[in-house]
Structures are given as structure tokens and as C-alpha cells.
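Notes follow once the structure below has been shown.
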Amino acid sequence: MKKHLTTIMFIAAGLMMTACGNKAGNSDNQDSTKVAENTKQEVTAEEEDEDFGTPERTIVSIRQTWTDKTLKVDADKSKASIKDFALAFCKAYSQCETNEAMRQYLSDPETAKENEYRVEIVNPESGHPIGFEMYCKPTNGFIRCLEEVQTDRFTYLCYWNRKNGHKLVAAYKEECWESVDWDQCLICFYDYDPATGVMTPEPSLTKMIEERMKQFELCYYIYLPEEGKDIEVLGVDSMEEDACADETFTLKWDGMTFIWEE
């Protein structure tokens with residue numbers, strides 16, 4: 001009797017172990033299914049992000065080509081003004097919204113006479129018009145175009161008379177989105193030769209500014225002078241109000257080029 005009881009107990013234990021094994025197996029399968037489903041969801045989310053994509057700034061395409069491209073100024077060579085320099089630059093790089101707005105403003109002889117003007121361009125994505133404010137101070141060699149949006153998007157140009165009879169022209173663009181970063185702006189310098197009517201890129205000044213600004217992780221801003229001759233450059237490490245870290249530098253005009261004020 002004892003022997004039969006022992007045998008029955010072993011059989012019962014075996015059945016319990018088999019049942020537990022099946023239960024554990026089902027649990028593993030369920031966990032694997034959940035992991036697979038989660039992974040599939042993650043992959044789908046990544047694919048959706050890739051499909052949506054991040055729009056590329058037009059500054060990127062300008063940065064890639066401007067140093068190798070001369071610009072012909074369509075004006076009286078000896079009387080070329082800031083509006084003529086701005087038109088040459090904006091024609092060459094009209095892929096940028098503020099450049100295109102300025103191009104339209106300056107391409108019309110009637111509107112180009114105005115020193116303050118407003119242009120509207122229909123946004124192809126939204127179908128709604130966006131306004132652009134033009135402001136020019138010809139006697140100071142200064143012009144700007146501001147896009148009427150919440151983030152900073154604009155084009156500024158300024159020029160200086162060089163001792164050798166040439167002019168140094170600066171074109172500064174800023175294209176900021178929801179958050180700022182180091183690549184949101186670009187400044188291009190050109191030497192204008194009145195004998196040829198051509199603006200020749202002078203990238204050494206751009207490199208000089210960018211080299212110094214590399215110490216700032218977040219971004220930098222450039223202020224071309226509406227009054228005076230010097231350029232201010234602001235480097236920014238943080239936009240937090242309680243941890244704002246920025247420093248202002250000055251580029252002094254010496255009659256031919258710019259040098260850092262120490």
C-alpha cells in the first residue's frame with residue numbers, strides 16, 4: 001500500500017511540474033509577444049519621424065557655395081549703392097525667404113525707391129501670406145529685411161569704403177526655428193571692385209569670426225552697424241534666465257578690414 005501511495009505521489013508531482021512548465025511557457029510567450037509589439041511600435045515611430053524629417057535651413061546651401069561664387073552688380077560701377085549690393089546677393093541666393101522678399105522689393109524700380117516698404121509672399125505650405133518689412137538707410141550703407149514671424153529670420157547688408165577705392169560688403173543672415181543653435185546664422189563678406197563691378201567672396205573674415213565663436217556651445221549673433229563702423233558679435237552658451245552665459249566682442253574697422261578689439 002505504501003508503495004502504491006508513493007507512486008501516486010510521484011505521478012501527481014510530475015503532473016504539477018508539467019502544469020507549471022506550461023504556465024511558465026505561456027507567460028514567456030506573452031512577454032515575447034509584448035516585446036515584439038513594443039519593438040514594432042518603436043520602429044514604426046522611428047519610420048514616421050524619418051518620413052516627417054527635419055527641414056533643412058536654406059543657410060546650409062548658401063554656406064556650401066558662397067565662397068566660390070562671385071556676384072555681378074548690375075549698376076553704374078562707380079555709383080553702386082547698398083541696394084545694388086543687396087540685389088546682387090539676394091538674386092544669387094533667393095532660396096532664402098528674406099532674400100527673396102528683398103529681391104522682389106529691389107527688382108521693381110518703383111518700390112526700390114522707397115526706403116521703408118512691406119512685401120507679402122504666400123507660403124506654399126500653408127497657403128497664407130507672410131509679411132516682410134524692408135528698411136534701408138542708403139547714406140549709411142545699411143539695409144535689412146525682417147520676416148514677420150515669431151522666430152528671428154532676417155537678412156542684413158552693410159558696406160564700408162576701403163582705402164584702396166574698393167568696398168567691403170557684408171551680408172548677414174539669421175534663420176532661427178523653435179530653438180536656437182550654432183548653425184542658424186551666416187555672415188558673408190565680399191570685396192567690391194568698382195573697376196569690374198564684381199563682388200568677390202572674402203571668406204577669411206567669416207572664418208575669423210567662426211573660429212572665435214567656437215568656444216560658445218549654443219549660438220552667436222552678429223550686429224551690423226546702422227550707425228558707425230564697428231561690428232558687434234555676441235557669443236551665447238545658455239538661454240536660461242538664471243544661467244545666461246554670453247560675451248560680446250567688437251570688430252574694429254581699420255579702413256581696409258576688421259580686427260578684434262582686445
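Hydrogens, waters and symmetry mates play no part in the numbers below; they use all other heavy atoms, side chains included.
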Within the 4.5 Å heavy-atom criterion, are [X] and [Y] side-chain neighbours or not?
X: Glu100; Y: Thr98; answer: no
X: Glu202; Y: Leu168; answer: yes
X: Lys173; Y: Cys185; answer: no
X: Ile121; Y: Ile130; answer: no
X: Asn140; Y: Pro138; answer: no
X: Val233; Y: Ile222; answer: yes
X: Met134; Y: Glu116; answer: no
X: Ile82; Y: Cys136; answer: yes

Might you point out which heavy atoms bring [X] and [Y] nearest each other, and give the distance in Å?
X: Trp253; Y: Asn161; result: CZ2-O, 3.5 Å
X: Pro109; Y: Ser107; result: CD-O, 3.4 Å
X: Thr67; Y: Pro203; result: CG2-CB, 3.7 Å
X: Pro225; Y: Cys158; result: O-SG, 3.5 Å
X: Glu147; Y: Phe132; result: CG-CE2, 3.4 Å
X: Asn99; Y: Tyr93; result: ND2-O, 2.9 Å

Given side-chain hydrogen bond (donor to acceptor under 3.5 Å, both in side chains), test Asn115 with Lys83 step by step and report yes or no.
CA-CA 10 Å; Asn115 291 328; Lys83 291 182 179 180; 2.9 Å; yes
Supply the atom-to-atom distance [X] [atom1] to [Y] [atom2], rounded to the nearest 0.5 angstrom.
X: Glu247; Y: Met213; atom1: CD; atom2: CE; answer: 7.5 Å
X: Ile59; Y: Gln64; atom1: CD1; atom2: CD; answer: 12.0 Å
X: Ile187; Y: Arg63; atom1: CD1; atom2: CZ; answer: 11.5 Å
X: Asp84; Y: Leu106; atom1: CG; atom2: CG; answer: 8.5 Å
X: Lys167; Y: Asn164; atom1: NZ; atom2: CG; answer: 10.5 Å
X: Leu71; Y: Thr200; atom1: CG; atom2: OG1; answer: 8.5 Å

Under 3.5 Å side-chain donor-acceptor pair for [X] and [Y]:
X: Ser61; Y: Gln95; value: yes
X: His128; Y: Asn123; value: no
X: Glu226; Y: Tyr135; value: yes

Ignoring hydrogens and geometry, is there a side-chain-to-backbone donor-acceptor pair from [X] to [Y] under 3.5 Å?
X: Glu261; Y: Leu251; value: no
X: Thr111; Y: Tyr105; value: yes
X: Gln184; Y: Cys219; value: no
X: Tyr221; Y: Glu232; value: no
X: Lys72; Y: Thr196; value: yes
X: Asp254; Y: Met256; value: yes
X: Trp160; Y: Lys229; value: yes

Is it the case that one hydrophobic cluster holds both [X] and [Y], taking links as side-chain heavy atoms less than 4.5 Å apart, direct or via other members?
X: Ile231; Y: Leu205; result: yes
X: Met208; Y: Val169; result: no
X: Met102; Y: Trp66; result: yes

Could you go through the salt bridge (charged side-chain N to carboxylate O under 4.0 Å, His left out) check for Arg118 and Glu120 one step at a time?
CA-CA 7 Å; Arg118 187 175 183 274; Glu120 282 194 354; 2.7 Å; yes
Quick one: do Asp246 and Asp237 satisfy side-chain contact (heavy atoms from CB on, under 4.5 Å)? Show the steps, please.
CA-CA 6 Å; Asp246 56 46; Asp237 269 331; over 6 Å; no
Arg162/Asp191 ion pair, N-O < 4.0 Å
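Yes, charged N to carboxylate O under 4.0 Å.
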Note: Glu210-Lys207 ion pair, threshold 4.0 Å (strictly below):
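Looking at Lys207 together with Glu210, the answer is no, because their closest N to O distance does not fall below 4.0 Å.
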Parallel under 30°, tilted from 30 to 60°, perpendicular over 60°: which one fits the rings of Phe189 and Phe258?
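Answer is tilted, since the angle falls between 30° and 60°.
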Would you call the rings of Phe89 and Tyr190 parallel, tilted or perpendicular, taking 30° and 60° as the class edges?
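Ring orientation, 0 to 90° scale: perpendicular.
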Within a reach of under 6.0 Å around CG of Asp74, are more than 12 heavy atoms found that belong to other residues, nucleotides or ligands?
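Open: at most 12 neighbouring heavy atoms sit under 6.0 Å from CG of Asp74.
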If you apply the rule side-chain contact (heavy atoms from CB on, under 4.5 Å), what do you find for Tyr156 with Glu174, and how did you get there?
CA-CA 9 Å; Tyr156 281 66; Glu174 195 167 311; over 6 Å; no
For side-chain contact (heavy atoms from CB on, under 4.5 Å), just list the numbers for Arg212 and Trp260, CA-CA rounded to whole Å, side-chain angles, deciding distance to a tenth of an Å, and then say yes or no.
CA-CA 10 Å; Arg212 177 159 286 199; Trp260 291 112; 3.8 Å; yes
Against Tyr172, only a single residue in Thr155, Leu186, Leu157, Leu224 fulfils side-chain contact (heavy atoms from CB on, under 4.5 Å); can you say which?
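Running side-chain contact (heavy atoms from CB on, under 4.5 Å) over Thr155, Leu186, Leu157, Leu224 with Tyr172 returns exactly one hit, Leu224.
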I'd like to know whether Phe85 forms a side-chain contact (heavy atoms from CB on, under 4.5 Å) with Ile143, so could you lay out the CA-CA distance, the side-chain angles of the two residues, the decisive distance to 0.1 Å, and finally the verdict.
CA-CA 10 Å; Phe85 302 142; Ile143 191 170; over 6 Å; no
Hey, mind stepping through Glu227 and Lys137 against salt bridge (charged side-chain N to carboxylate O under 4.0 Å, His left out) and telling me if it holds?
CA-CA 10 Å; Glu227 304 284 344; Lys137 202 162 186 178; 2.5 Å; yes
Not counting sequence neighbours, which residues clear side chain to side chain contact (heavy atoms under 4.5 Å, CB included) with Glu114? List them please.
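In terms of side chain to side chain contact (heavy atoms under 4.5 Å, CB included), with neighbours along the sequence ignored, Glu114 is linked to Tyr117.
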